[in-house]
Amino acid sequence: MTRRPARGLAALALTFAAALALAACSPAATAEGDGGTATPPLAEVTPLTDPLAWEGPSTAVAASAPIVPVTDGAQTLPVTVTDAQGTPVTVTDTSRILTLDIYGSLSRIVFELGLGDSVVARDISTAFPEAEHLPVVTENGHDLNAEAILDAAPTVILTDTSLGPWDTILQMRDAGIPVVVVDSHRSLDSVGSLIQQVGDALGVPQRAAALAARSTAAVEDKIAEIAAVAPADPAEKLRMMFLYVRGQSGVYYLFGEESGADSLIEALGGIDVAGEIGWTGMRPITDEALVDADPDLVLVMTKGLESVGGVDGLVEHLPALAQTDAGRHRRIVDMADTTVLSFGPASADVLDALAVAVYAPEATE
């Protein structure tokens, strides 16, 4: 279906700890892979002539790209790093690595650094095929299981504060396990620095630099590819916002500037309307803010959309959404919870799938 819509009315960064607190509110916030059939590549689809003329929802499913490890560069241990919390940590043994974060990005980085054979367990969000055989050390969604972690006998743990309880991490330190905390503030701009933090902690800084360069270049190339199909005229660009929803517990948050979602929207060639209304970080959405922002398109997590009963349920739970172009014309794009804000080595694939869902939605049906 197509239509020509009428144009409507015109600091805390997101941390994974905050995302965890929200995710824990609902049993719907369990980890999953992308699931379903991967969205076809942007290069193989025909973009809409007028993206504003499309009506209806779409789902983005990122392709499950195989691990291509970087192996050039010898590992040097021991290594001492100062982590994101300012704590000096000495790593002497990486024979048993455990990485813990809400999106599974750290595990992916370790595998891409050629150290996947040393990973001994995983969080529930680490769902790529090469790691699926590993035992899970999280329960009830994203809660750390101290007994399971100790059973895995890691010689080093990398985390970013997005999984809790934090006392479990402190317990691991008390047990003598080196714990390196990397930066929890993520966006497309931080992909390279996150990779470097992981590589430095594991004694493979040269590999990390190569992987960071490769991943950053892939993101930049994808942004350029998207720009070629996105409207160049600011008046024709899609006005987008990212909503975090959990229907069972009545959680409805708008992700604004410095949340990571803003960099995603900009990379997709859209206008971040949360930024236009001065929304910083992540806060509960209000009817006034939603109507004032008047998005053409809303991005959500798949499990969140399911938790409210789909697009119709989202409009029912957020009646103000019906007063926006996005709500009137059901322009809701969803993507897997563990993928859409992962900001790791596979970021270019995430952008590609989202771009198809936005600019060639017929290809996702």
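Remember, it's a predicted structure, so these values are computed and weren't measured experimentally.
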Minimum heavy-atom distance [X]-[Y], with the two atoms named:
X    : Y    : answer
A326 : V298 : CB-CG2, 3.8 Å
T90  : P78  : CG2-CB, 4.3 Å
V136 : D123 : CG1-C, 4.4 Å
L268 : A230 : O-CB, 4.3 Å
D83  : V180 : CB-CG1, 4.0 Å

### Query
Near E365 CD, under 6.0 Å, is it more than 12 heavy atoms from other residues, nucleotides or ligands?
yes
### Query
Backbone N or O of S193 within a donor-acceptor pair of the S190 side chain at under 3.5 Å?
no
Exercise for the section: Give a yes or no on whether the backbone of L113 and the side-chain of R207 come within a donor-acceptor separation of less than 3.5 Å. Expected result: yes
By side chain to side chain contact (heavy atoms under 4.5 Å, CB included), A353 pairs with (sequence neighbours left out) T39, A60, A62, M335
The complete set of side-chain hydrogen bond (donor to acceptor under 3.5 Å, both in side chains) pairs with one or both residues in residues 262-275, sequence neighbours excluded, reads none
For residues 217-234, the side-chain hydrogen bond (donor to acceptor under 3.5 Å, both in side chains) pairs (sequence neighbours left out) are K222-E225, K222-D352
Under 3.5 Å, which donor-acceptor pairs do the side chains of residues 146-159 form with other protein atoms, sequence neighbours left out?
residue: T155; atom: OG1; partner: D93; partner atom: O; Å: 2.8
residue: T155; atom: OG1; partner: R96; partner atom: N; Å: 3.1
residue: T155; atom: OG1; partner: R96; partner atom: O; Å: 3.1
residue: T159; atom: OG1; partner: L100; partner atom: O; Å: 2.8

Side-chain atoms of residues 68-75: list all donor-acceptor pairs with protein atoms under 3.5 Å, sequence neighbours left out, distances to 0.1 Å.
residue: Q75; atom: NE2; partner: T94; partner atom: OG1; Å: 2.9
residue: Q75; atom: NE2; partner: L202; partner atom: O; Å: 2.8

Applying ring-ring contact (aromatic ring centres under 6.0 Å, His included) to Y252 and not counting sequence neighbours gives none
Quick check for you: to the nearest 0.5 Å, what is the distance between [X] atom [atom1] and [Y] atom [atom2]?
X    : Y    : atom1 : atom2 : value
S215 : L188 : OG    : CG    : 11.5 Å
D296 : W54  : CG    : CH2   : 15.5 Å
F111 : D117 : CZ    : CG    : 7.5 Å
L318 : D287 : CG    : CG    : 7.5 Å

Q: Dump the intermediate steps for side chain to side chain contact (heavy atoms under 4.5 Å, CB included) on R246 and S249, then the final yes or no.
A: CA-CA 6 Å; R246 284 298 182 262; S249 47; 3.8 Å; yes
Give the C-alpha distance, both sets of side-chain angles, the deciding distance and a yes or no for side chain to side chain contact (heavy atoms under 4.5 Å, CB included) between V110 and V198. CA-CA 7 Å; V110 172; V198 173; 4.0 Å; yes
(Q) Between D101 and R186, does the salt bridge (Lys or Arg N to Asp or Glu O under 4.0 Å) criterion hold? Intermediate values first, please. (A) CA-CA 12 Å; D101 74 307; R186 299 192 190 175; 3.1 Å; yes
### Message
Determine whether R214 and E112 satisfy the following criterion, salt bridge (Lys or Arg N to Asp or Glu O under 4.0 Å), listing intermediate values before the conclusion.
### Response
CA-CA 11 Å; R214 186 180 82 188; E112 295 279 11; 3.0 Å; yes
Task: Check against salt bridge (Lys or Arg N to Asp or Glu O under 4.0 Å), E276 and R239 - done: CA-CA 10 Å; E276 282 190 339; R239 296 166 52 78; 2.7 Å; yes
Just by distance, with hydrogens left out, do [X] and [Y] show a side-chain donor and acceptor under 3.5 Å apart?
X    : Y    : value
S125 : T338 : no
Q171 : D167 : no
T364 : T59  : no
S184 : S162 : no

> Is there a side-chain contact between D312 and R330, using heavy atoms and a 4.5 Å cut-off?
Replying inline: yes
query: With ring centroids as reference points, do Y244 and Y253 lie under 6.0 angstrom apart?
result: no
